[in-house]
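In what follows, a structure is listed as structure tokens, so that the remarks can point back to it.
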Amino acid sequence: VPQVEVAFDIDANGILHVSAKDLGTGKEQKITITASSGLNESEINDITFSPDGSLVALGRADGLIEVLEVATRRTVLDHLHPLPVGAVGFTQDSEALLLGDFDGGLVRLDVRSGQVRAEARLAGDYATAFLEGPGGVVVGGDQRRGSYYRWSGGEAALIGEVPLHN
């Protein structure tokens, strides 16, 4: 299992500096993301790298999902989701982007076309994290409840809850 160390820094001008280092190979990638809108830290709800480190995805509070190529800084995908995006993640093959909104909605988007491939809904939760495995995608739900789901196809089934302490 690859281990990647990721660092994020947002300066006072809203410029995001991201670096990712593969701890096994020592290979490092860096990207600087600037936005004409003056994007600031409070507008970014989640950011993640693709498993191969070639893409970075940002989920924003205004519902915009951006996928950029790390090496060229070229925008691969701009997708406007109707609700604030709380979590983004890539599938293991980096071909699809997983997103969760603050109303419990889950969406699988094709990275290159932006086409929706699958949708599901969490029961009263919002997605906070994704992990894809052989049995589907495990989705972390509402952090207050510590719930987690298995999402495969069009359904997300509650697996259980982990007791969380404040």
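Throughout, numbering of the chain's residues begins at 1 and tracks the sequence. The figures here come from the full heavy-atom set of this structure, side chains too, leaving out hydrogens, waters and symmetry mates. Small disclaimer: the values here were computed from a predicted structure and weren't measured.
Under the side-chain hydrogen bond (donor to acceptor under 3.5 Å, both in side chains) criterion, Asp93 pairs with Thr91, sequence neighbours left out. The salt bridge (Lys or Arg N to Asp or Glu O under 4.0 Å) test applied to Asp110 returns Arg117, not counting sequence neighbours. Remark: Asp62 pairs with Arg60 by the side-chain hydrogen bond (donor to acceptor under 3.5 Å, both in side chains) rule, at least two apart or across chains. Under the side-chain contact (heavy atoms from CB on, under 4.5 Å) criterion, Leu77 pairs with Val67, His79, Leu109, not counting sequence neighbours. With sequence neighbours left out, Glu69 forms a salt bridge (Lys or Arg N to Asp or Glu O under 4.0 Å) with Arg74, Arg112. For Leu80, the side-chain contact (heavy atoms from CB on, under 4.5 Å) test picks out Leu64, with sequence neighbours left out. In this structure Asp78 satisfies the salt bridge (Lys or Arg N to Asp or Glu O under 4.0 Å) test with no other residue, sequence neighbours excluded. Taking the side-chain hydrogen bond (donor to acceptor under 3.5 Å, both in side chains) definition, one finds that Ser94 meets it with nothing, sequence neighbours left out.
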Taking distance alone, no hydrogens or angles, what donor-acceptor pairs closer than 3.5 Å link side-chain atoms of residues 98-107 to residues at least two apart or in another chain?
{"from": "Asp101", "atom 1": "OD1", "to": "Asp103", "atom 2": "N", "distance (Å)": "2.8"}
{"from": "Asp101", "atom 1": "OD1", "to": "Gly104", "atom 2": "N", "distance (Å)": "3.2"}
{"from": "Asp101", "atom 1": "OD1", "to": "Gly105", "atom 2": "N", "distance (Å)": "2.8"}
{"from": "Asp101", "atom 1": "OD2", "to": "His81", "atom 2": "NE2", "distance (Å)": "2.8"}

Between side-chain atoms of residues 21-28 and protein atoms elsewhere (two or more places apart, or another chain), which donor-acceptor pairs fall under 3.5 Å?
{"from": "Asp22", "atom 1": "OD1", "to": "Gly24", "atom 2": "N", "distance (Å)": "2.7"}
{"from": "Asp22", "atom 1": "OD1", "to": "Thr25", "atom 2": "N", "distance (Å)": "3.1"}
{"from": "Thr25", "atom 1": "OG1", "to": "Lys27", "atom 2": "N", "distance (Å)": "3.2"}

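Val76 is connected to Ile65 through a chain of hydrophobic side-chain contacts under 4.5 Å among Ile, Leu, Val, Met, Phe, Trp and Tyr, so both are in one cluster. Linking Ile, Leu, Val, Met, Phe, Trp and Tyr residues whenever their side-chain heavy atoms come within less than 4.5 Å places Val18 and Leu68 in a single cluster.
Listed for the Asp46 side chain is a donor-acceptor partner under 3.5 Å among the backbone atoms of Val88.
The two residues Ala57 and Leu97 have their closest heavy-atom pair at CB-CD1, 3.7 Å. For the pair Phe8 and Ile47, the tightest heavy-atom approach, listed with the atom from each and the gap, is CE2-CG2, 3.0 Å. Annotation for Val70 and Gly53: closest pair CG2-O, 3.4 Å, computed over non-hydrogen atoms.
Using a 4.5 Å heavy-atom cutoff, the side chains of Glu95 and Val111 are not in contact. Side-chain contact between Leu55 and Phe49 is absent, with no heavy atoms from C-beta onward closer than 4.5 Å.
Put simply, CH2 on Trp151 and CD on Glu119 are 8.5 Å apart, with the number rounded to the nearest 0.5 Å.
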